[in-house]
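Written out below as structure tokens is the structure these notes cover.
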Amino acid sequence: MLKFLSKVKIEFNALDPRTASCMEFLAQCNARQAKESNPACQLQVKRRTDDHPPQITVTFVNGVEEVFDATSTPAQTIRTMILEKGQFLETEQMFREAGEKWPVIIPEEELRQSFPGTKPRKAEEKKQ
């Protein structure tokens with residue numbers, strides 16, 4: 001998960017009962033496997049003393065920053081959203097490295113073309 005991020009900032013008040021998501025996300029970020037995936041990712045924890053709701057701010061490697069309300073968003077949901085956006089970034093990078101335009105625009109007429117499909121082969125045919 002951290003391989004797609006350059007910075008993670010977790011803000012919470014330790015006395016606030018709504019910090020579960022922050023604590024779980026912090027534990028995921030501190031896991032050995034996560035740290036090894038991107039040692040350069042900055043992890044910043046800000047302990048607040050006011051009533052500001054817990055929040056998690058992530059900065060992706062392309063500079064895009066996203067803020068999550070940790071009171072209403074479970075840590076697993078945040079992780080899933082980071083992984084999905086990370087796959088999107090990897091795809092974008094692949095296309096750019098190949099010299100292709102991004103985003104890929106599929107012409108309307110190609111979207112409406114019929115798809116013949118593939119016929120599954122039987123197990124006996126695969127052995128031959």
Side-chain angles (χ1 to χ4, degrees):
M1 167 186 67
L2 291 182
K3 74 177 184 174
F4 305 117
L5 305 175
S6 61
K7 185 178 178 182
V8 176
K9 183 177 180 181
I10 302 173
E11 300 179 57
F12 61 92
N13 181 334
L15 301 175
D16 191 330
R18 305 170 293 173
T19 62
S21 185
C22 284
M23 295 305 207
E24 184 181 340
F25 194 77
L26 179 60
Q28 289 178 7
C29 290
N30 279 326
R32 183 180 51 80
Q33 187 178 6
K35 284 185 172 184
E36 287 174 355
S37 71
N38 184 1
C41 181
Q42 299 174 356
L43 179 59
Q44 186 178 22
V45 178
K46 182 176 181 181
R47 290 175 183 86
R48 303 183 68 101
T49 55
D50 57 4
D51 289 339
H52 190 275
Q55 74 177 30
I56 299 170
T57 307
V58 296
T59 307
F60 289 88
V61 290
N62 65 351
V64 174
E65 189 176 274
E66 206 163 321
V67 180
F68 298 98
D69 176 10
T71 60
S72 61
T73 314
Q76 192 60 37
T77 303
I78 296 170
R79 184 178 188 277
T80 302
M81 293 196 304
I82 290 169
L83 292 173
E84 286 172 358
K85 183 147 186 162
Q87 288 176 332
F88 179 81
L89 291 172
E90 280 185 334
T91 303
E92 178 182 355
Q93 184 180 1
M94 255 183 4
F95 273 84
R96 291 191 190 278
E97 287 173 356
E100 298 291 332
K101 283 194 244 175
W102 186 262
V104 176
I105 299 170
I106 302 171
E108 191 70 31
E109 60 271 8
E110 286 186 27
L111 290 173
R112 295 172 197 242
Q113 288 180 352
S114 64
F115 178 69
T118 57
K119 187 175 180 182
R121 287 189 280 172
K122 293 181 183 174
E124 299 85 45
E125 293 175 2
K126 288 182 183 178
K127 290 178 184 177
Q128 294 173 356

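None of these values were measured; they are calculated from a predicted model.
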Taking atom types as modelled and ignoring hydrogens, do the side chains of Glu109 and Gln113 form a donor-acceptor contact shorter than 3.5 angstrom? no
Tell me the closest heavy-atom pair linking Glu24 and Gln76, and the distance in Å. OE2-N, 4.4 Å
Take Leu43 and Asn30, measure what side-chain contact (heavy atoms from CB on, under 4.5 Å) needs, and give me the verdict at the end. CA-CA 9 Å; Leu43 179 59; Asn30 279 326; 3.3 Å; yes
Nearest heavy-atom neighbours spanning Lys35 and Leu2: N-CD1, 4.1 Å
My understanding is that only one of Thr57, Ile56, Val58, Val67 makes a side-chain contact (heavy atoms from CB on, under 4.5 Å) with Lys9; could you say which? Thr57
Distance from Arg79 atom CZ to Cys29 atom SG, nearest 0.5 Å? 9.5 Å
Is the shortest distance from a Lys or Arg side-chain nitrogen in Glu36 or Lys3 to a carboxylate oxygen in the other one below 4.0 Å? no
What is the distance from atom NZ of Lys101 to atom CZ of Phe95, rounded to the nearest 0.5 Å? 13.0 Å
Partners of Asp69 by side-chain hydrogen bond (donor to acceptor under 3.5 Å, both in side chains), sequence neighbours excluded? Thr71, Ser72
Flag yes if more than 12 heavy atoms outside Glu110 fall under 6.0 Å of its CD atom; otherwise flag no. yes
Would Arg96 and Glu100 pass as an ion pair if we require N to O under 4.0 Å? no
Results of side-chain hydrogen bond (donor to acceptor under 3.5 Å, both in side chains) for Glu11 - residues two or more places apart only: Arg48, Gln55
Beyond-backbone contact of Phe68 with Ile10, side-chain heavy atoms, under 4.5 angstrom: no
Pairwise side-chain contact, Thr80 with Thr77, heavy-atom cut-off 4.5 Å (strictly under): no
I'd like to know if Met94 and Val64 are part of one continuous hydrophobic network [Ile/Leu/Val/Met/Phe/Trp/Tyr, side-chain heavy atoms within less than 4.5 Å]. no
Please find the pair of heavy atoms, one from Phe60 and one from Glu66, that lie closest to each other, and give the distance. CE1-OE1, 3.8 Å
Evaluation steps, side-chain contact (heavy atoms from CB on, under 4.5 Å), between Phe25 and Val8: CA-CA 10 Å; Phe25 194 77; Val8 176; 3.8 Å; yes
Taking Asn62 for its side chain and Leu89 for its backbone only, find out whether a donor-acceptor pair lies under 3.5 Å. no
In the structure I gave you, are the side-chain heavy atoms of Lys85 and Met81 within less than 4.5 Å of one another anywhere? no
Sequence neighbours left out, cut at 3.5 Å: what donor-acceptor pairs do the side chains of residues 12-23 make with other protein atoms?
residue : atom : partner : partner atom : Å
Asn13   : OD1  : Leu15   : N            : 2.9
Asn13   : ND2  : Asp50   : O            : 3.0
Asp16   : OD1  : Arg18   : N            : 2.9
Asp16   : OD1  : Arg18   : NE           : 3.0
Asp16   : OD2  : Arg18   : NE           : 3.2
Asp16   : OD2  : Arg18   : NH2          : 2.7
Thr19   : OG1  : Asp16   : O            : 3.4
Ser21   : OG   : Thr73   : O            : 2.7
Ser21   : OG   : Ala75   : N            : 3.1

